[in-house]
Each structure stands twice: as structure tokens, then as C-alpha cells.
Amino acid sequence: MIDPLENRRRRQLARLIAYARQHSPYFSRLYQGLPSEVTDPTLLPVTSKKLLAPHFDDWVTDRSITLAEVRKFIGDPSLIGTPFRGEYTAATTSGSTGNPGIFLLDKHNRKAIERWGSRALFHWIGARGVLRFVLRGRRMATVSAVGAHFVVATSTTAIMRTRMGKGVRLFDAAMPMPQLVEQLNAFQPTILAGYAGLCSLLANEQEEGRLRLNPLLVMPGSEGMAIGEAERIATAFGAKLGTTYVATECLGIARSCKFGRLHYNSPFVILEPVDAQYQPVPPGVQSNTVLVTNLVNAIQPILRYDLGDSILVLPDRCPCGDRTPTIRVQGRTAELLRLGERAIAPLVLQTAVDRLPGIERFQIVQTAPTTLRLRLRVRAGHDPGSVRKQAEDGIRKVLAANTVSGVSIERSDEPPETIPGRKYRTVIPLS
């Protein structure tokens, strides 16, 4: 017998597939040979960013939207936080999966994620914590990549422009650590959110007394953490910890409970852990990748989409009492680069390069404790020597700003490489 939640998901899936078939020429062609109604996701062919991106104009279900129009919009940093056409969130990925992607999120998706986020906040800090957060002026600091239409930056900026967002601040993840510490000390957030690697670095600053915050909640996101690191961060700040598993293509995939397990958002998301041949793997077995279906975004359907992350569905029921499945994410491990006596988050180096013109793909590989190797694929029509110099200068500038010295940058003729069974990584720490 199918339980009510599973029955609801199947109905949602059937509606989304029918809508995609009717309004997206791409999916109309792709699903041509399928039954008139599909409630089983395993009947669908696998999709991916690589397969879908070249067909953007046929992928989106609003037939008047073009890739050229969206590219023009996201090419204007002054429009960060402004809805595209007044109703859609337009977001680009940073390129950490190899090639930047462009995605649209509709109002229904946004409202569903807002409800999910509100429930997660209540779960993490309880009714009293939420009240204290409100009484403190809803002071929330988000440390993220800025300067482009990254989903965290554009969503946070949009919130900041509302009456409810007066206490919200966005801090640049690429800011030199001393400056970031100074600004956070001045702001004194009640909730601190950021990339897991940066939260680890900020915990170091808190432990050493340079950062002096008293938050109720710390929210490391977008990356996994080493065993024990979540507890260390929570202890350093004397705060509750709430972690999430998100992607631009599907924002609300999972959130943590008090036992540190990630409960996946089964009402809105379908996750399929699979092997290299896209065959399902059972609970307790690490997947090669995961196929995700976003049930609440119709403008740009994400259906059996290869996200590239390796996950493990835990076979036992979580002791917290929540009956939804729990997962462990392997593919997004936050690994700090330790360069001599200093540590730096991979994102900081990544943002020094991925905004430069003329770069199609890049990879920064740590080959020794104080040596980085830069691999580049330069776009046609750009001078390779000039592009490489700009990239090297950007890396040196970021290292200097973060008081990292004595690091050499090797030139390499090798192209950027992928790691079997893993997502493409732009920054690879020394193993």
C-alpha cells in the first residue's frame, strides 16, 4: 500500500511531467515514447546540465524567454536581487561543477523553499529561539560569493530589500579574513550562515579571540564537513548548528536534525542514489551520483537530473523521531587548503579566477604544501598568455589579502581534469 506522502509525490510528479511535455519542446521530444501519464520517475531518461544547457530556449516552459535575454540580465550586477521579468529568480552557478549554469526559479518554488526554511529554523532553535531572533532585530549575516547572480547572493539581496530584511547583511566570502572579522564583530549577527569551509575558518577566529560573536545559530551550507567539525563549530560559537544540503537546481534538498543527520525534503524532492550505470543502489551503499527531481519548479523542469554528488542513504531510522529518510553527502566535502601556516577556503581561490573573462574552464591544484598548479582552458579569441597572467595575479592578490605568503604558482599545459566518480572540482587541496 502506497503511503499518503508517496501518493502525493506521484501526483505532483505526474503533473510536472505533463506540464513539461506541454510547454517545453525539449521535454516534449524527450518524452515522446512514454505513457500518457507517468508516476514512476525511473521510467524517465536521465538528464544533466551538460545535456540540457545547449537547449535552454526549448527547456524553459515560458516560450517567450530566451537564453540571450537571461544572459543579458545576469550580466548586470546592479540587478542582483531583482526578479527577472518581475517574477522569476535568475541564478547562475559559480562554475564549481566545471561549467557555469543558468537557472530560473518560479514563485511557487520560492514560496515552497521559504516554508521549508521557516520550518527548519523552528526545528533548529525552537519557538523561544525564533522569538529571540525577532527581538534581536532579525540580525542574520550570510557570508557568500557576491558580485554575480549566485543564488545565495541574489536571494539574500532580495530579502534585504524587503521590510523583513532590514537586519540581514551579505558579506563577501572573498573578503580578507581580518576585514571580515572586523565587520562581523561590528554587526553581531544572531544567525551566521556561510560556506562550510569559511565557517570552519571563522570558528578558528572565534576560538582565538579575534572574532567575538554570540549567535543563536550557525548555518554551514553548500558543502559537507569532516567528522567532528560541526560539533567544533557549534562549540566555538556556543550556538546551535543547522546544516543544509542545497543546489541551485534544487534548493531545499535536505536539512539537519539535532543528531547531525540530513533529512531529505521528501515532499518537494525525489532523490535517486545510483551507480555509474544509473542503476539504483540500496540504503547503506555509497552512490556514484544522485538523480534529483525538483517537484516545485515548473519554469525550468529538473527531472531525473544528474547532480553529480555521491550520497549514502542511511539504512536505520533517525533517533530524532523524524520518519523521513536521512542521507550523508560525500561529494561536497569542504576541504581547506593548508598553505604553510595558513588555511584558506577553496571558494576564496575559486572566486579569484572564475569571474575573469576569457576562461572557459580552470583548475587550481595544490601539488605541495606551498605550491599551486594552475590549469586553464582559454576561450577562443582570447590571448592565453594574457588570460593566464590575469589569473595568476588574481590568485596572488587573494593570497596576499589573506596573509598567505611564500606560495609559488606553477604553470601547466595540462587541461583541467575530472576525478572519476566525483564532481568536477575547480580547487583541489593536497591529499
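For reference, positions follow the sequence shown, starting with 1.
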Report the distance from atom [atom1] of [X] to atom [atom2] of [Y], rounding to the nearest 0.5 Å.
{"X": "Thr154", "Y": "Ile159", "atom1": "OG1", "atom2": "CD1", "value": "10.0 Å"}
{"X": "Asn204", "Y": "Ile233", "atom1": "CG", "atom2": "CD1", "value": "9.0 Å"}
{"X": "Leu184", "Y": "Leu202", "atom1": "CG", "atom2": "CG", "value": "6.0 Å"}
{"X": "Cys318", "Y": "Leu262", "atom1": "SG", "atom2": "CG", "value": "10.0 Å"}
{"X": "Ile74", "Y": "Phe103", "atom1": "CD1", "atom2": "CZ", "value": "10.5 Å"}
{"X": "Gln12", "Y": "Ile17", "atom1": "CD", "atom2": "CD1", "value": "12.0 Å"}

Do other residues, nucleotides or ligands put more than 12 heavy atoms under 6.0 Å from the [atom1] atom of [X]?
{"X": "Arg119", "atom1": "CZ", "result": "yes"}
{"X": "Phe259", "atom1": "CZ", "result": "yes"}
{"X": "Arg63", "atom1": "CZ", "result": "yes"}
{"X": "Arg85", "atom1": "CZ", "result": "yes"}

Worksheet item: Can Arg261 and Asp322 be counted as an ion pair, charged N to O under 4.0 angstrom?
Response: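 The answer is no: the pair does not qualify as a salt bridge.
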Discussion item. Check Arg375 with Glu414, please: is the shortest side-chain N to carboxylate O separation under 4.0 Å?
Written reply: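 Between Arg375 and Glu414 there is a salt bridge, with a charged N closer than 4.0 Å to a carboxylate O.
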Nearest heavy atoms of [X] and [Y], plus distance in Å:
{"X": "Val292", "Y": "Leu271", "value": "CG2-CD2, 3.9 Å"}
{"X": "Cys199", "Y": "Gly194", "value": "SG-O, 3.7 Å"}
{"X": "Thr61", "Y": "Ser24", "value": "CG2-CB, 4.0 Å"}

Discussion item. Go through it in stages, so that I can follow the logic: the residues are Val70 and Val60, the test is side-chain contact (heavy atoms from CB on, under 4.5 Å), and I'd like the CA-CA distance, side-chain angles, deciding distance and then a yes or no.
Written reply: CA-CA 11 Å; Val70 182; Val60 292; over 6 Å; no
Fill in: Step-by-step side-chain contact (heavy atoms from CB on, under 4.5 Å) determination, Ile311 to Tyr264
CA-CA 11 Å; Ile311 73 167; Tyr264 102 76; over 6 Å; no
Worksheet item: So, Arg161 versus Thr82: side-chain donor-acceptor pair below 3.5 Å or not?
Response: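 Arg161 vs Thr82: donor-acceptor pair found between side chains.
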Worksheet entry | Identified side-chain contact (heavy atoms from CB on, under 4.5 Å) partner of Lys49 from the options Leu307, Ile102, Thr93 |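 That would be Thr93.
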Discussion item. Pair Leu13, Leu303 - check side-chain contact (heavy atoms from CB on, under 4.5 Å), show working.
Written reply: CA-CA 9 Å; Leu13 178 63; Leu303 293 157; 4.0 Å; yes
Worksheet entry | Tyr278 and Glu272: CA distance, side-chain angles, deciding distance, side-chain contact (heavy atoms from CB on, under 4.5 Å) verdict | CA-CA 9 Å; Tyr278 295 128; Glu272 299 175 66; over 6 Å; no
